[in-house]
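A short worksheet on the structure shown next.
Chain letters run A, B, ... following the sequence lines, proteins first, then strands; residues in each count from 1.
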Amino acid sequence: MSMDNREIARMLDETADILEILGENPFKVRAYRKAASNINRLETDLREIWAQGRLGELPGVGKAIRAKLEEIMTTGDLRYYRELQKKVPPGVTEMLAIPGLGPKTIGSIYTQTGIDSLEKLYQAARDKKLRELPGIGAKTEYNVKKGIEMLRSLGETVTLGTALPLAEEFKDYLKGYDYVEAVEIVGSIRRGKPLVGDIDLLVASNSENLVREAVKRFRRLREIGKESQGYIAGKLGLGVDFEVIIVSPSDFCLAVMLATGSRGHREKLVQEMEGLDVSGASTEADVYGLLSMQFIPPELREDRDEIEQARQHCLPELVKLGDLRGDLHIHTSWSDGASSLEEMVAAARRLGYSYMAVTEHSRSLSVSRGLDEERLMNQVRAIQEINRSLDDFTVLTGIEVDILKDGRLDLPDEILEQLDVVIASVHSHFRLSRQEQTERIISAIKNEHVDIIGHLTGRLLLRRPGYEVDVEAIIEQARKFRTALEINSHPDRLDISEEVARLARDAGVKVAINSDAHHHADMSLVTYGVLDARRGWLRKEDVINTLETGELLAYLRNK
DNA sequence: GCCGTTTTCGGCCCGACTGTTTTCAGTCG
């Protein structure tokens with residue numbers, strides 16, 4: 001079987017997981033993780049790089065990993081990885097997802113008890129057996145139980161960041177056949193939900209048998225599941241389920257609409273359609289038109305009040321990717337970014353931006369090589385130097401300053417006031433009480449130099465819930481002090497969430513859609529942030545980085 | 001396991017918190 005970059009990266013990452021549980025040299029573990037993350041971000045197919053004999057040129061790929069990549073290229077598998085899996089079964093590495101439980105503890109549990117699945121671990125925790133092991137007490141046992149319950153509640157979902165690129169590749173593949181008249185991604189992916197259960201594709205074709213055969217030849221296919229007339233389901237690489245529904249071209253438009261959902265939205269539509277002949281409609285807009293409604297963008301079809309608003313023709317005009325004029329949250333190799341300042345500027349210009357703000361971590365975040373005053377001022381001078389050589393692009397100075405435990409900021413006001421953009425973010429003390437956490441963030445909001453609050457809740461999808469904060473109180477203060485909230489676009493974060501985004505909008509609080517890129521390739525992740533914003537009903541005027549350079553600078557100065 | 005205009009060997013990201021202990025290992029960002 002052939003694996004794509006992301007599957008190969010996944011295999012290296014899982015190798016790192018196992019090595020970590022086995023107690024291997026942490027630097028070796030990190031080497032595998034680094035190689036995996038670099039491969040994940042490649043824009044070129046690894047196979048192509050291999051064909052050119054250039055695998056060794058990839059950063060983080062030395063002699064040993066190159067040999068493993070070559071084995072994957074030629075055999076489609078990796079013996080080293082299979083051998084490691086025999087020592088540490090997949091059910092054991094899954095335990096790494098439990099918050100507070102790390103490789104050492106997992107290794108010790110597994111070697112001492114042989115527990116090799118989340119299910120068995122849960123039973124052991126419930127039966128109070130875990131606390132009998134050395135180094136594990138009642139508290140850890142309780143956290144294990146809670147952690148597994150949290151993981152269960154997530155169900156069998158994957159992030160949009162995993163599913164969407166795969167869905168698009170599938171769609172493009174099927175579109176290439178001349179007997180396929182149209183393909184559309186439908187279901188929750190089309191609506192831009194941050195977590196999705198599977199990939200749903202709708203195909204318009206008069207040759208449903210040929211389409212099913214084509215599906216079976218898709219290079220990302222892993223297994224075929226149910227199959228029937230006009231329908232085929234199964235599993236793709238990365239373990240993502242899919243369903244393909246094939247309809248005749250004349251039924252396509254209405255079928256797309258119904259299959260896009262959500263269920264609640266669809267049910268209301270069907271009610272509206274009763275007694276109405278919509279068979280002549282060739283676009284979704286036509287159908288909504290026949291129902292005397294505005295076209296409802298898929299991101300809004302969540303059965304909130306979109307149908308009512310569409311009927312009254314007062315749906316907002318949602319912000320679009322093309323509205324973004326710049327990115328206000330960027331890291332470079334000055335702190336923990338993987339790309340140089342120059343590479344990030346080049347990437348921003350390729351995206352057609354007019355500006356970007358360099359916002360490194362501040363000194364308290366020493367893991368990330370956070371900047372102290374001196375290095376920050378050196379960077380400001382470097383940025384001024386770059387700006388002198390650019391006439392159609394502005395690099396803004398900035399910082400992602402740490403909000404300390406007591407709500408003070410990690411850098412003094414005299415420094416912050418010299419910067420164009422100040423983002424304040426929480427990176428520590430996640431377990432404060434809701435009130436303490438809220439007060440801490442509010443004191444950052446009140447600082448006159450703080451322009452944006454970064455990733456407000458710190459949530460990581462499928463990994464950890466956000467910390468407890470009083471969102472309403474924060475929005476109220478953000479409105480009062482004219483501080484914007486960030487939509488952190490990383491598909492694992494999408495923080496603030498669509499719900500909070502809509503609350504912010506309704507309160508008149510501005511939002512910044514940022515990439516938080518640590519690598520030049522990650523600047524394009526704003527597509528996910530834009531989906532989040534659209535699901536939060538945001539318009540262009542709600543988003544500060546849709547402003548032109550001059551307008552933005554004026555806005556920041558008036559803050 | 002990777003990397004090198006300080007090095008082909010010896011570094012590589014470190015400090016704080018948590019829960020377990022009773023002086024510290026493990027986890028996290």
Side-chain angles (χ1 to χ4, degrees), chain A residues 11-13 15-39 55-70 78 80-81 84 95-110 125 130-147 331 333-338 360-372 375 400-406 410 425-432 436-437 454-455 457-460 463-467 488 490 492-493 495 516 518:
Chain A
M11 193 177 256
L12 294 181
D13 229 352
T15 302
D17 287 345
I18 298 175
L19 292 174
E20 207 173 9
I21 290 171
L22 289 172
E24 258 285 4
N25 174 3
F27 296 108
K28 180 171 167 177
V29 173
R30 223 176 60 193
Y32 276 93
R33 293 211 194 282
K34 245 188 202 163
S37 114
N38 285 328
I39 289 170
L55 282 178
E57 291 173 28
L58 295 174
V61 176
K63 218 174 144 190
I65 293 182
R66 192 185 71 208
K68 292 185 172 70
L69 293 177
E70 279 166 357
L78 184 59
Y80 181 60
Y81 170 67
L84 287 173
M95 297 175 194
L96 287 167
I98 301 168
L101 209 58
K104 291 276 158 54
T105 316
I106 292 169
S108 138
I109 291 173
Y110 176 56
L130 285 186
R131 63 178 70 178
E132 292 167 13
L133 299 171
I136 297 178
K139 189 85 185 239
T140 303
E141 191 178 68
Y142 176 77
N143 286 339
V144 165
K145 233 177 93 199
K146 284 288 144 200
H331 297 268
S333 48
W334 279 70
S335 65
D336 60 346
E360 312 286 10
H361 293 291
S362 59
R363 67 194 163 100
S364 278
L365 212 61
S366 49
V367 211
S368 308
R369 303 207 319 128
L371 269 53
D372 59 15
R375 291 181 65 220
E400 182 184 13
V401 64
D402 240 53
I403 304 175
L404 304 176
K405 186 178 180 187
D406 60 1
D410 197 23
S425 305
V426 164
H427 289 110
S428 60
H429 303 282
F430 290 173
R431 295 203 221 178
L432 294 181
E436 282 175 300
Q437 200 68 272
H455 46 69
T457 75
R459 76 169 179 178
L460 287 177
R463 274 186 282 168
R464 66 165 194 235
Y467 29 83
N488 190 298
H490 196 288
D492 291 344
R493 287 190 183 270
D495 186 11
D516 193 5
H518 287 67

Identify whether any heavy atom of [X] sits under 4.0 Å from a base atom; if not, whether one sits that close to sugar-phosphate; answer base, sugar-phosphate or nothing.
X: A:Val29; result: nothing
X: A:Thr140; result: sugar-phosphate
X: A:Asp336; result: nothing
X: A:Ala16; result: nothing
X: A:Arg369; result: nothing
X: A:Pro103; result: sugar-phosphate
X: A:Lys63; result: sugar-phosphate
X: A:Pro134; result: nothing

Pairing nucleotide - B:dC17, Watson-Crick or G-U, each distance under 3.5 Å:
B:dG26
Run through A:Asp402, A:Leu371, A:Asp410, A:Val401 and flag the one making a side-chain contact (heavy atoms from CB on, under 4.5 Å) with A:Arg363.
A:Asp410
For DNA chain B, which nucleotides open and close the run of contacts to chain A, 5' to 3', at under 4.0 angstrom from a non-hydrogen atom?
B:dG1 to B:dG29
Go nucleotide by nucleotide along DNA chain B from the 5' end; which of A:Lys68 and A:Glu141 gets its closest nucleotide reached first?
A:Lys68
Donor-acceptor list for residues 16-24 of chain A side chains, cut-off 3.5 Å, not counting sequence neighbours:
unit_1, atom_1, unit_2, atom_2, d
A:Asp17, OD1, A:Arg33, NH1, 3.1
A:Asp17, OD1, A:Arg33, NH2, 2.9
A:Glu20, OE1, A:Arg33, NH2, 2.7
A:Glu24, OE2, A:Lys28, NZ, 3.1

Provide the distance between the two [atom1] atoms, one in [N] and one in [M], to the nearest whole Å.
N: B:dT8; M: B:dC2; atom1: C1'; value: 12 Å
N: B:dC17; M: B:dT22; atom1: P; value: 23 Å
N: B:dT21; M: B:dG26; atom1: C1'; value: 13 Å

Relative to the ring of A:His361, is the ring of A:His518 parallel (under 30°), tilted (30 to 60°) or perpendicular (over 60°)?
tilted
